[in-house]
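Values reported hereafter were calculated over all heavy atoms of this structure, with side chains retained and with hydrogens, waters and symmetry mates removed. Just so it is clear, the structure is predicted and the values come from calculations on it, not from any experiment. The chains referred to below are lettered A, B, ... by the order of the sequence lines, with proteins before strands, and numbering in each begins at 1.
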Amino acid sequence: MVLALSIAALALTAGLAVACFVRAFGITFLALPRTAAVEQAHEPQWTMRVSMMVLAAACVMLGVVPVAVLQPLTGVIHDFMGARPDLTFSIKTIVTATDFGAVSPLWVAWILGPLMIATWIGLKISGANSGRRFYETWGCGRAVQTARFEYTATAFANPFKRVFAFLYRPVEHTQVEAHPESGFFVKTITYRSDSRTIIEDSVYAPIGAAVRRISMRTRAFQSGNVHGYLLYMLVALIVVLVWAKL
Amino acid sequence: MVEFSITFVQWLVVVIGAPMLVGVIRKTKARLQGRRGARIWQPYWDLRKLLIKEAVISENTSWIFRFTPYIVFGTMLVSALIVPVLTTAGALQPIGNIILLMYVFLLGTFFLALAGLDAGSSFGGMGASREMAIAALAEPTVMIAIFAIALRAGSTGLREMIGRSVSDPLLLLNPGHLLAFASFFIVALAETGRLPVDNPSTHLELTMIHEAMILEYSGRYLALIEWASAIKLFLFLTLLGNIFVPWGIAVSLQPAALAIGVVALALKLGILAVSLAMLETAVAKLRLFRVPELLTGSFMLALLAVISFFFLK
């Protein structure tokens with residue numbers, strides 16, 4: 001039961017992680033630039049990109065050849081727990097004890113790559129139309145597309161905020177200022193949405209507040225007066241000496 | 001060698017047969033709604049039409065938009081190799097278990113969501129946001145449902161799971177097994193974007209999920225994505241049929257067993273397709289924020305299936 005629920009929690013984390021990275025990458029790097037500064041962004045020199053490419057390659061390797069991490073990790077687990085996980089793995093496959101699960105991510109990657117290339121070649125030789133035309137994004141009738149039509153990170157996360165409303169307690173304020181003549185001509189809409197997080201409010205915030213309170217108290221000692229510090233040193237010395245004698 | 005050729009045949013059945021399954025579902029729905037409907041091979045003509053058309057691409061897109069159809073189609077082709085369709089004795093099935101299969105599907109969804117954001121249209125963003133929410137919330141249910149079946153089979157390998165069902169016909173009467181089936185069925189509806197979670201035939205932007213994400217696609221790119229969705233539906237229905245009602249699937253490579261396997265697959269898919277069409281005719285689409293309730297219900301069913309394993313062996 002506990003095992004089942006922890007599997008569910010792990011799976012939910014995986015799902016949320018995927019959504020998180022779609023949001024982080026998609027909103028940040030895709031579609032139209034949202035600010036003038038971003039519009040003028042350009043690629044840095046290759047020396048700056050190489051380090052990121054190394055990290056990206058490491059991520060891909062983590063998925064395709066997890067043995068690279070599993071090998072040292074089992075060693076560490078052995079040192080701490082005195083037992084090795086019931087896993088057998090080689091560069092190609094990972095198998096758990098009693099064959100409960102067996103996967104070969106390397107094989108999947110090996111097959112996926114050629115199949116994608118085969119799809120591309122297949123389309124070429126089967127006489128599929130390989131023409132492409134660049135045109136504006138379909139806008140359901142509006143004339144120009146600006147970055148204001150795009151989904152923002154807040155909008156992207158909104159379904160999650162609503163689904164997990166018991167965790168975030170969202171509060172929304174919408175103010176519509178309409179034309180005095182008719183309510184159908186809206187001048188401005190102000191939308192504000194606040195959300196709280198239970199963990200942040202009940203764990204991090206009290207700890208932070210406590211640290212701040214203690215810091216305020218100890219501040220009284222830090223007078224900045226040299227004589228004061230000399231006195232502290234003398235007191236500390238006496239305390240240590242008395243301690244050693246006892 | 002025989003194993004490899006059977007694997008290849010099996011793979012072709014999935015890839016070539018998938019559009020027809022969509023056609024059968026559409027035809028059944030049309031008949032149930034009192035329409036005549038297009039012929040069942042209409043999806044092939046649709047694909048052909050899309051393939052001979054020029055692709056129109058938004059000016060605001062990056063390479064991700066053009067790369068996505070290939071990776072989505074590629075992941076479905078790989079999945080088609082992993083799932084036992086006609087026989088459990090295929091050559092390439094050991095490369096992955098059902099958990100890997102679900103994450104290969106998720107890889108495709110990940111890129112589709114990115115592509116949805118890529119054109120900068122609000123519809124694409126809306127589709128991507130909703131699709132990710134549903135995918136993330138369906139994930140725990142998928143895993144628990146799989147876990148419920150795997151506990152009984154003692155393995156998450158597709159071959160072993162089906163083998164367990166084959167060896168014990170009474171399993172069909174086991175409440176845990178049935179609960180797991182119901183739960184997996186709901187998840188399959190969510191993952192393949194069918195009613196009541198998403199409407200595959202909608203053309204109203206505000207209700208779309210999957211269709212909103214792929215709104216900017218046209219020509220060969222759209223053909224690949226449509227085909228990939230058809231394959232995904234085919235694979236989910238095959239999984240439902242073969243894991244829970246494994247009658248007729250070939251466990252060896254005897255020609256007679258394989259012939260029975262083909263007939264059994266056609267029957268099972270036919271029944272599932274017709275029930276899916278009936279379900280889609282009978283129920284309305286849920287409000288987006290009611291979908292989590294459906295998924296929670298499915299999660300509870302799966303959890304009960306797991307619990308029942310410990311009580312009813």
Side-chain angles (χ1 to χ4, degrees), chain A residues 1 4-5 7-12 14-16 18-19 21-23 25-27 29-32 98-105 107-108 111-113 115-116 119-120 123 126-140 145 147 149-151 155-160 162-163, chain B residues 51-60 62 64 70-71 73-75 77-78 81 94-97 99-100 104 106 110 113-114 117-122 125-126 128-130 132-133 135-137 139-140 142-144 147 150 154-157 205 215-216 219-220 224 288-289 292 303 306-307:
Chain A
M1 184 73 187
L5 286 178
I7 288 174
L10 192 64
L12 182 63
L16 291 177
V18 171
F21 281 98
V22 168
R23 176 178 174 231
F25 183 83
I27 302 289
F29 295 108
L30 299 180
L32 288 174
T98 68
D99 278 347
F100 192 73
V103 286
S104 341
W107 269 110
V108 173
I111 297 171
L112 178 62
L115 277 179
M116 281 166 60
T119 307
W120 186 75
L123 283 185
S126 69
N129 192 333
S130 59
R132 71 164 83 118
R133 189 151 47 92
F134 287 92
Y135 198 67
E136 61 191 40
T137 302
W138 185 73
C140 203
Q145 190 193 12
F149 290 105
E150 289 169 18
Y151 247 50
F156 189 87
N158 192 43
F160 291 97
R162 303 232 351 213
V163 169
Chain B
L51 284 173
I52 56 176
K53 282 197 165 193
E54 187 188 35
V56 181
I57 302 172
S58 161
E59 289 152 350
N60 307 328
S62 63
I64 288 184
Y70 293 100
I71 195 154
F73 195 66
T75 52
L77 293 183
V78 172
L81 285 170
I95 63 170
N97 58 4
I99 297 178
L100 186 110
V104 170
L106 197 59
F110 177 76
L114 282 184
L117 287 169
D118 204 3
S121 115
S122 358
M126 187 177 68
S129 162
R130 291 175 176 181
M132 281 337 291
L137 295 173
E139 212 53 41
V142 175
M143 282 305 139
I144 297 286
F147 190 62
S155 171
T156 50
E205 297 90 345
L215 199 62
E216 284 297 320
R220 61 187 181 283
L224 285 181
L288 181 68
F289 295 109
L303 205 58
V306 171
I307 294 169

Would A:Arg162 pass as a cation-pi partner of B:Phe289, given that its NZ or CZ must be under 6.0 Å from the six-membered ring centre and within 45 degrees of the axis?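 Yes, a cation-pi geometry holds between A:Arg162 and B:Phe289.
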
Nearest-0.5 Å distance, [atom1] of residue [X] to [atom2] of residue [Y]:
| X | Y | atom1 | atom2 | answer |
| --- | --- | --- | --- | --- |
| A:Leu123 | A:Asn129 | CG | CG | 10.5 Å |
| B:Glu59 | A:Tyr135 | CD | OH | 8.5 Å |
| A:Thr119 | B:Ile71 | OG1 | CD1 | 11.0 Å |
| B:Ser58 | B:Leu215 | OG | CG | 11.0 Å |

Name the region of [X], side chain, backbone, both or neither, that has any atom closer than 4.5 Å to a heavy atom of chain A.
| X | result |
| --- | --- |
| B:Val78 | both |
| B:Ile64 | side chain |
| B:Ala113 | both |
| B:Ser62 | side chain |
| B:Tyr70 | both |
| B:Val104 | side chain |
| B:Leu106 | side chain |
| B:Leu114 | both |

Heavy atoms from other residues, nucleotides or ligands near CZ of A:Phe134 exceed 12 (cutoff 6.0 Å):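 More than 12 heavy atoms, drawn from other residues, nucleotides or ligands, come within 6.0 Å of this atom.
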
May I ask you to name which of [options] has the most heavy-atom pairs under 4.5 Å with chain A?
| options | result |
| --- | --- |
| B:Leu288, B:Val142, B:Leu77 | B:Leu77 |
| B:Leu303, B:Leu100, B:Thr156 | B:Thr156 |
| B:Gly219, B:Gly154, B:Ala128 | B:Gly154 |
| B:Arg220, B:Met143, B:Glu139 | B:Arg220 |

Contacting region of [X] [heavy-atom separation from chain B under 4.5 Å]:
| X | result |
| --- | --- |
| A:Ala155 | backbone |
| A:Leu112 | both |
| A:Phe29 | neither |
| A:Ile27 | both |

Which of the residues [options] is involved in the greatest number of heavy-atom pairs with chain B at under 4.5 angstrom?
| options | value |
| --- | --- |
| A:Gly113, A:Ala128, A:Ala9, A:Ser126 | A:Ala128 |
| A:Arg132, A:Arg23, A:Glu150 | A:Arg132 |
| A:Ile7, A:Val163, A:Val22 | A:Val22 |

| Listed partners of B:Glu54 passing side chain to side chain donor-acceptor pair (under 3.5 Å), at least two apart |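 If we apply the side chain to side chain donor-acceptor pair (under 3.5 Å) test to B:Glu54, skipping adjacent residues, the hits are A:Arg133.
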
Could you pull out the closest heavy-atom pair between [X] and [Y], with the gap in Å?
| X | Y | result |
| --- | --- | --- |
| B:Ala119 | A:Ala31 | C-CB, 4.3 Å |
| B:Gly74 | A:Met116 | CA-CG, 4.0 Å |
| B:Ser129 | A:Tyr151 | CB-CE2, 3.8 Å |

#### Entry: Residues in ring-ring contact (aromatic ring centres under 6.0 Å, His included) contact with B:Phe73, at least two apart in sequence or another chain
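ring-ring contact (aromatic ring centres under 6.0 Å, His included) list for B:Phe73, sorted by chain: B:Trp227.
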
- Query: B:Leu117 and A:Phe25: side-chain contact (heavy atoms from CB on, under 4.5 Å), yes or no, with the steps?
  - Reply: CA-CA 10 Å; B:Leu117 287 169; A:Phe25 183 83; over 6 Å; no

